[in-house]
Amino acid sequence: MSDIRVRFAPSPTGPLNIGGIRTALYDYLLAKKHGGTFILRIEDTDQKRFVEGAEDYVIDALHWLGIAPDEGPRAGGDYGPYRQSERKSTYGEYVQKLINSGHAYYAFDSHEELEGMRTRLERQGIQRAKYDASTRMDMRNSLSLPESEVKELLDSNASYTVRLKVTPGETISFVDEIRDKVSFSSDELDDKILLKTDGMPTYHMANIVDDYLMKISHVIRGEEWLSSTPHHILLYRALGLEDHIPKFAHLPLLLKPVGKGKLSKRDGAKFGFPVFPMEWNNPDGEVYEGFKEAGFLPEAIINFLAFLGWNPGTEQEIFTNAGLAEAFSLKQVSKGGARFDFDKAKWFNQQYIIHMNDAKLAELISQDVVDAGYDVSQEYLTKFCGLMKERAVTLKDFLSAGSFFFQKPEIIDEKTIRKKFKLENENHIQSIIETVFVIEDYTTQNIETAVKNYIGENELGFGAILPILRIGVSGTMKGPDLFSTMELIGKAEVDERLRSNLVRFKEIKLIQKENQADA
RNA sequence: GGCCCGUUCGUCUAGGGGUUAGGACGCCAGGUUUUCAUCCUGGUAGCACGGGUUCGAAUCCCGUACGGGCUACCA
């Protein structure tokens, strides 16, 4: 194990969407590239926003996608616990340290007082008033209040927060692995709350302490964190942990496929594709569709997501999980936001299905087959997958486009029958059905030879006969090689379908004739 | 409003002073196929705008526009 340790730190406030998955993927890829450790840490410091089941969802999704964490609440590890709510006691010491060294202070202001300050300053023309060096002495805190009063308040169990004391006039710079140097003026920074009245640390405090304690080497997170990074730098400095500052990489956001703004959870329903890895049943009863349920392969999603904002610098696009890890580099991550392109996702999935072995595919769709009420052997299913896979974009397409392998087709492509079927060929079709029926060894090759010989000998032309047979067997013009299809479906069933459908074709044709006569 | 980040075909992107600006998805056309799909070949389409630096700018600098993020006792 190298000392590269990368954490994915979601809040359990709902299902992890595809953007979160991408962040986790980049975390995973960077760790694996360097033989390091991928860590999952649950940032549940906001008890109000906690959603039951969200943590399990995150872990299950990462497992399904094949990017399971090496350390985390379920995986365990030497740096646990991995839920911040269970680490509450460890943060106090660091907060105290900041207070003692004068880098942080107690603030006793109520929500109303804070609100009052903001509206007061707004009336003076200040758009967004901050709690900072310019305002803190007008507020009720351990900097503005006499020491005795502070002690009194503390002793009387008055509720308080702890705020970071930001010194104005400084320039805070750091190197972002994706964007290079980024600078902020401390004048713009407010005195961030580090410890809430409920005794829980805020994200900023917990994050710094845990990253330090868990020996995190790289912080990869969404761009929305870029502007709070200077606060984090200040925190490391104040704690005397400047030598332990991890490398930062802020990822560009995932954007809606069309229109403005970042991809949101409701875009799935809006645009007709999943934005979550797996199905999620929201407590409010709303159901969010997942890629898994839509018939996507985890490898394909990973490959697709990896390329949304990153590229290997070569023209190779199809990568195994391990190949991605080897090729990955933060330097190749692009800076601009990427639109989510469902067409590209489907293309990746199709590629993965085509290249997957038939038995494996059979295994993946076997549950759907059972659910549809079909009962076939594993061998049959494997052959079926072999025939259908070039036509499938998702796993769902196997059954929707290949149902005639399991049951006699209900819907017949009548249009093609009207166009291709000639009543004068009826006897020929009849003869072909009989010719094929007497084949002893009912193989693709033998069926093909028999049919083609008959067509040749009677000078009929493939176009006049084969579409009729195809629709007779499968009901549709779309499908795998006709003779392979016949072999798999089997002689008796094929014979039955062809005989009964021939009758139906005649009816279709006669109705057509009548209509023409009327017109 | 302020601060910060960004902007190459419709989309994802390569390219970082001299390129016919490359690839992929999509779309279109052709070929292969009894059909559909796969596959193959070809086509379509782009450096946001304005200044500057330079012999030369997609590339460096400045500005503008546009997009995004942050501006909570949310993460």
Side-chain angles (χ1 to χ4, degrees), chain A residues 9-13 43-46 48-49 84 107 109-111 114 125-131 159-163 176 178-179 182-185 187-190 192-198 200-204 206-207 221-230 250 252-253 255 257-258 260-262 304 307-318 332 334-348 350-351 354 388-393 397 401 413 416 420 448 451-452 455 461-471 474 476-483:
Chain A
S11 287
T13 55
E43 310 229 326
D44 55 351
T45 51
D46 186 0
K48 293 185 292 294
R49 295 211 306 158
Q84 289 184 329
D109 316 277
S110 66
H111 288 279
L114 288 170
I126 297 169
Q127 278 279 341
R128 303 253 181 185
K130 291 194 298 290
Y131 203 119
S159 73
Y160 64 86
T161 62
V162 174
R163 285 180 180 269
D176 183 278
I178 295 168
R179 292 154 211 278
V182 181
S183 299
F184 289 84
S185 163
D187 296 357
E188 304 295 334
L189 272 34
D190 67 340
K192 275 262 174 299
I193 290 182
L194 304 176
L195 194 71
K196 301 186 266 190
T197 46
D198 65 1
M200 274 292 202
T202 56
Y203 170 86
H204 309 286
N207 207 255
R221 68 210 332 183
E223 197 180 355
E224 69 267 29
W225 294 109
L226 191 60
S227 4
S228 46
T229 305
H250 292 92
L253 266 18
L255 275 18
V258 292
K260 291 181 182 181
K262 63 176 181 180
F304 163 67
F307 273 77
L308 222 48
W310 169 85
N311 76 88
T314 66
E315 283 177 2
Q316 185 182 346
E317 285 205 286
I318 302 292
Q332 287 286 341
S334 44
K335 299 179 180 76
R339 277 185 200 280
F340 184 90
D341 180 9
F342 192 52
D343 279 327
K344 192 80 182 239
K346 286 194 289 192
W347 178 77
F348 271 109
Q350 183 179 40
Q351 292 299 309
I354 288 172
M388 287 301 294
K389 69 178 179 182
E390 278 174 8
R391 275 151 272 265
V393 172
D397 295 335
D413 178 356
T416 301
K420 297 280 188 182
E448 180 169 354
V451 172
K452 286 190 171 171
I455 292 172
F462 290 165
I465 302 301
L466 293 177
I468 311 305
L469 294 181
R470 172 176 292 281
I471 293 175
S474 67
T476 169
M477 282 303 288
K478 296 178 181 177
D481 172 67
L482 172 61
F483 308 110

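Numbers restart at 1 for each chain; the letters A, B, ... are given by sequence-line order, proteins then strands.
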In the strands shown, is [N] matched to any nucleotide by a Watson-Crick or G-U wobble pair with both distances under 3.5 Å, and which?
N     : value
B:U64 : B:A48
B:C3  : B:G69
B:U38 : none
B:A58 : none

Between A:Lys262 and A:Glu223 (salt bridge meaning N to carboxylate O under 4.0 Å), is one present in this structure? no
Assign [X] to base, sugar-phosphate, or nothing according to its heavy-atom contacts below 4.0 angstrom with the strands shown.
X        : value
A:Thr416 : nothing
A:Pro230 : nothing
A:Trp310 : nothing
A:Thr476 : nothing
A:Asp413 : nothing
A:Arg179 : sugar-phosphate
A:Lys262 : sugar-phosphate
A:Phe307 : sugar-phosphate
A:Leu482 : base
A:Lys48  : sugar-phosphate
A:Thr45  : sugar-phosphate
A:Gly463 : nothing

RNA chain B nearest-nucleotide lookup for A:Ser228 and A:Pro467: closer to the 5′ end is A:Pro467
In terms of the nearest nucleotide of RNA chain B, which residue is placed more toward the 5' end: A:Gln84 or A:Lys192? A:Lys192
Does [X] contact [N] through a side-chain donor or acceptor facing the base, at a distance under 3.5 Å?
X        : N     : value
A:Arg470 : B:U35 : yes
A:Arg391 : B:C36 : yes
A:Lys478 : B:A37 : no
A:Thr197 : B:C73 : yes

Length of the line joining A:Asp341:CG and B:G23:P, which is rounded to integer Å: 19 Å
A:Asp109: partners by side chain to side chain donor-acceptor pair (under 3.5 Å), with sequence neighbours left out: A:Tyr131
Partner set under side chain to side chain donor-acceptor pair (under 3.5 Å) for A:Glu43, not counting sequence neighbours: A:Arg41, A:Gln84, A:Asn207
Considering only heavy atoms from C-beta outward, does the side chain of A:Phe462 approach that of A:Val451 to under 4.5 Å? no
What about A:Phe304 and A:Phe342, are their ring centers closer than 6.0 Å? no
Between the base of B:C73 and the ring of A:His111 - centre-to-centre under 5.5 Å, planes within under 30° - is that a stack? yes
